Amino acid sequence: MSSFEERIAGETDHYFRRTKEIVRRFGDCPVTYAIFMRRPVVVCLQLAVAWLEAAARERGAAFDIDRRHEEGARVGAGEPLLYVTGPFAHLVELETICLQRIGAPCVAAYNAYQMSVDMPRTAFLAMDARHCAGAEMAGMMACAARVGSDAARRDAGAVGFVGTSTAATSRRFGLPAGLGTMPHALVGYAGSTLRSAEMFHEAFPDDTLTVLVDYYAQEVSDSLAVAARFPALAAAGRLAVRIDTHGGRFVEGLDTASSYAVLERHAPEAIRTYRTETELRWLVGTGVSAAAVFHLRDALDAAGHDGVKIVASSGFGPAKCRLMGEVRAPIDTVGTGSYLPERWSETYAAADIIAYGDRSSVKVGREFLLRDRPGPGGG
């Protein structure tokens with residue numbers, strides 16, 4: 001048994017293996033599977049299709065894979081994503097692993113698409129690796145970020161996701177290495193934000209310098225100090241400051257009242273509309289709020305550092321990005337792992353056989369899967 005077949009045998013649901021043996025005993029027949037999602041998604045099927053094609057080659061079988069939508073298309077709940085036709089004995093035990101490669105990528109692609117469309121002028125960096133359950137999931141999420149971004153560029157001219165934080169997934173974006181500069185650990189090691197910037201620039205003088213500025217709760221002061229230390233980089237647009245302030249405190253110089261004042265200057269309608277408690281926190285609360293970003297931008301511009309870019313991270317999922325886009329928060333880049341599906345139960349792809357040979361048949365309640373699709377051989 002090849003390693004490919006060993007993996008299938010070890011990772012597929014046991015009742016599919018039992019079904020394979022029964023079908024072999026009583027006679028194989030061609031079947032057609034319909035695969036769908038129970039929620040709206042952006043189509044991201046390349047991983048699943050490539051795996052099915054590899055399985056067909058491994059088994060010397062012929063599978064007819066009928067993709068119903070282009071990669072990156074927006075598809076509603078219950079709409080078949082693809083139909084797969086082939087020998088029942090070969091297909092039945094492939095369902096488990098195939099569906100694993102469909103559900104989560106399609107939902108993540110939907111999130112990446114929506115975030116990119118809502119903040120079309122902002123670049124996104126996929127920083128989800130630490131949140132993934134291993135390298136295989138990280139690869140699926142990188143693929144989803146790329147597919148969702150490509151669709152957002154097509155539909156809205158968005159910048160979208162421009163890379164990932166690891167070398168292993170960077171190839172999805174045509175890059176030789178991951179993107180990113182420094183974690184909080186380096187700032188702590190250096191002993192000051194400015195010193196961490198100096199260390200990084202000395203080690204990587206040709207790289208754009210992105211400095212993490214929230215470690216010492218001096219987001220504004222440290223941003224200005226770094227910009228003053230590296231005026232040439234600042235003027236050339238090769239210096240960025242990243243705020244990742246946690247939700248336990250306000251950004252330097254802000255409190256609730258002053259945060260409202262900042263929004264009153266820059267986006268007054270944002271605070272004259274009904275907002276949920278969560279939305280208010282994102283607008284004028286602790287952590288990386290819209291007010292915090294405007295406040296930092298104002299300080300940089302006032303000091304003559306309008307070329308310094310702002311990178312924001314911390315909880316930038318679809319809902320927060322929609323709000324930030326609505327108020328036009330001046331964020332140049334978002335670092336996010338929050339495009340990953342929040343509710344894992346929404347990532348469950350489903351498959352049903354809709355035809356056995358020339359006989360159309362599907363379990364009661366799933367007749368909608370028969371739409372536009374006769375059984376193999378006509379009908």
Side-chain angles (χ1 to χ4, degrees), residues 122-125 127 130 165 179-259 261-263 265-266 281-316 320 324 329-337:
T122 300
F124 287 82
L125 173 62
M127 300 180 68
R130 74 196 69 185
S165 61
L179 301 177
T181 53
M182 64 178 66
H184 290 99
L186 179 62
V187 183
Y189 166 78
S192 77
T193 300
L194 181 57
R195 182 59 185 144
S196 70
E198 292 171 338
M199 287 178 170
F200 185 93
H201 186 61
E202 183 177 336
F204 303 101
D206 297 327
D207 287 11
T208 295
L209 175 59
T210 301
V211 184
L212 193 56
V213 294
D214 61 274
Y215 191 97
Y216 293 103
Q218 298 177 160
E219 290 88 352
V220 174
S221 301
D222 282 347
S223 293
L224 294 177
V226 169
R229 172 65 179 80
F230 297 100
L233 291 179
R238 294 184 52 225
L239 175 65
V241 293
R242 175 184 162 209
I243 50 172
D244 190 53
T245 308
H246 64 79
R249 66 173 180 84
F250 283 94
V251 161
E252 179 190 12
L254 291 181
D255 55 19
T256 300
S258 56
S259 294
V262 169
L263 262 293
R265 291 197 305 273
H266 290 284
R281 186 174 73 252
W282 291 335
L283 287 172
V284 294
T286 55
V288 184
S289 66
V293 178
F294 280 117
H295 176 60
L296 179 56
R297 183 75 269 163
D298 286 346
L300 288 166
D301 291 352
H305 302 306
D306 56 343
V308 175
K309 301 183 185 304
I310 294 178
V311 179
S313 52
S314 186
F316 277 79
K320 187 171 184 178
M324 291 291 181
I331 302 171
D332 297 288
T333 302
V334 165
T336 180

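For the single chain, residues carry numbers from 1 onward in sequence order. Fair warning: this is a prediction, and the values are worked out from it, not measured in the lab.
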What pairs with [X] under side chain to side chain donor-acceptor pair (under 3.5 Å), at least two apart in sequence or on another chain?
{"X": "Asp306", "value": "none"}
{"X": "Asp332", "value": "none"}
{"X": "Asp207", "value": "none"}

Query raised in the report: His266 vs Phe294 aromatic rings, parallel, tilted or perpendicular, using cut-offs 30° and 60°?
Result: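 Geometry flag for Phe294 against His266: parallel rings.
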Measuring from [X]:[atom1] to [Y]:[atom2], what's the distance to the nearest 0.5 Å?
{"X": "Ile310", "Y": "Leu296", "atom1": "CD1", "atom2": "CG", "answer": "4.0 Å"}
{"X": "Met182", "Y": "Thr193", "atom1": "CE", "atom2": "OG1", "answer": "8.5 Å"}
{"X": "Arg281", "Y": "Ser259", "atom1": "CZ", "atom2": "OG", "answer": "13.5 Å"}
{"X": "Ser223", "Y": "Leu194", "atom1": "OG", "atom2": "CG", "answer": "11.5 Å"}
{"X": "Ser313", "Y": "Leu125", "atom1": "OG", "atom2": "CG", "answer": "9.5 Å"}
{"X": "Tyr189", "Y": "Met199", "atom1": "OH", "atom2": "CE", "answer": "5.0 Å"}

Heavy-atom donor-acceptor pair, [X] side chain to [Y] backbone, under 3.5 Å:
{"X": "Ser196", "Y": "Ala190", "answer": "no"}
{"X": "Ser289", "Y": "Thr286", "answer": "no"}
{"X": "Arg238", "Y": "Asp206", "answer": "yes"}

Query raised in the report: What residues, two or more places apart in sequence or in another chain, satisfy side chain to side chain contact (heavy atoms under 4.5 Å, CB included) together with Ala240?
Result: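 By the side chain to side chain contact (heavy atoms under 4.5 Å, CB included) rule, Ala240 matches Thr210, Lys309, Val311.
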Query raised in the report: What residues, two or more places apart in sequence or in another chain, satisfy side chain to side chain contact (heavy atoms under 4.5 Å, CB included) together with Pro231?
Result: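 Pro231 satisfies side chain to side chain contact (heavy atoms under 4.5 Å, CB included) with no other residue.
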Report task. Can you see which heavy atom on Val334 is nearest to which on Ile331, and at what distance? Result ->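 The answer is CG2-CG2, 3.8 Å.
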Requested in this report: Return yes if a side-chain donor-acceptor contact under 3.5 Å exists between His184 and Asp214, otherwise no.
Outcome: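 Note: His184 and Asp214 side chains meet the donor-acceptor criterion.
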**Report entry** Test item: side-chain donor near acceptor, Thr245 and Glu219, under 3.5 Å
**Finding:**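 Yes - a donor-acceptor pair under 3.5 Å links their side chains.
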Query - Worked check of side-chain hydrogen bond (donor to acceptor under 3.5 Å, both in side chains) between Ser221 and Glu252 - result: CA-CA 8 Å; Ser221 301; Glu252 179 190 12; 2.5 Å; yes
Requested in this report: Under the ring pair (Phe, Tyr, Trp, His ring centres under 6.0 Å) rule, collect the residues that match up with Phe200, sequence neighbours excluded.
Outcome: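 In terms of ring pair (Phe, Tyr, Trp, His ring centres under 6.0 Å), with neighbours along the sequence ignored, Phe200 is linked to Phe204.
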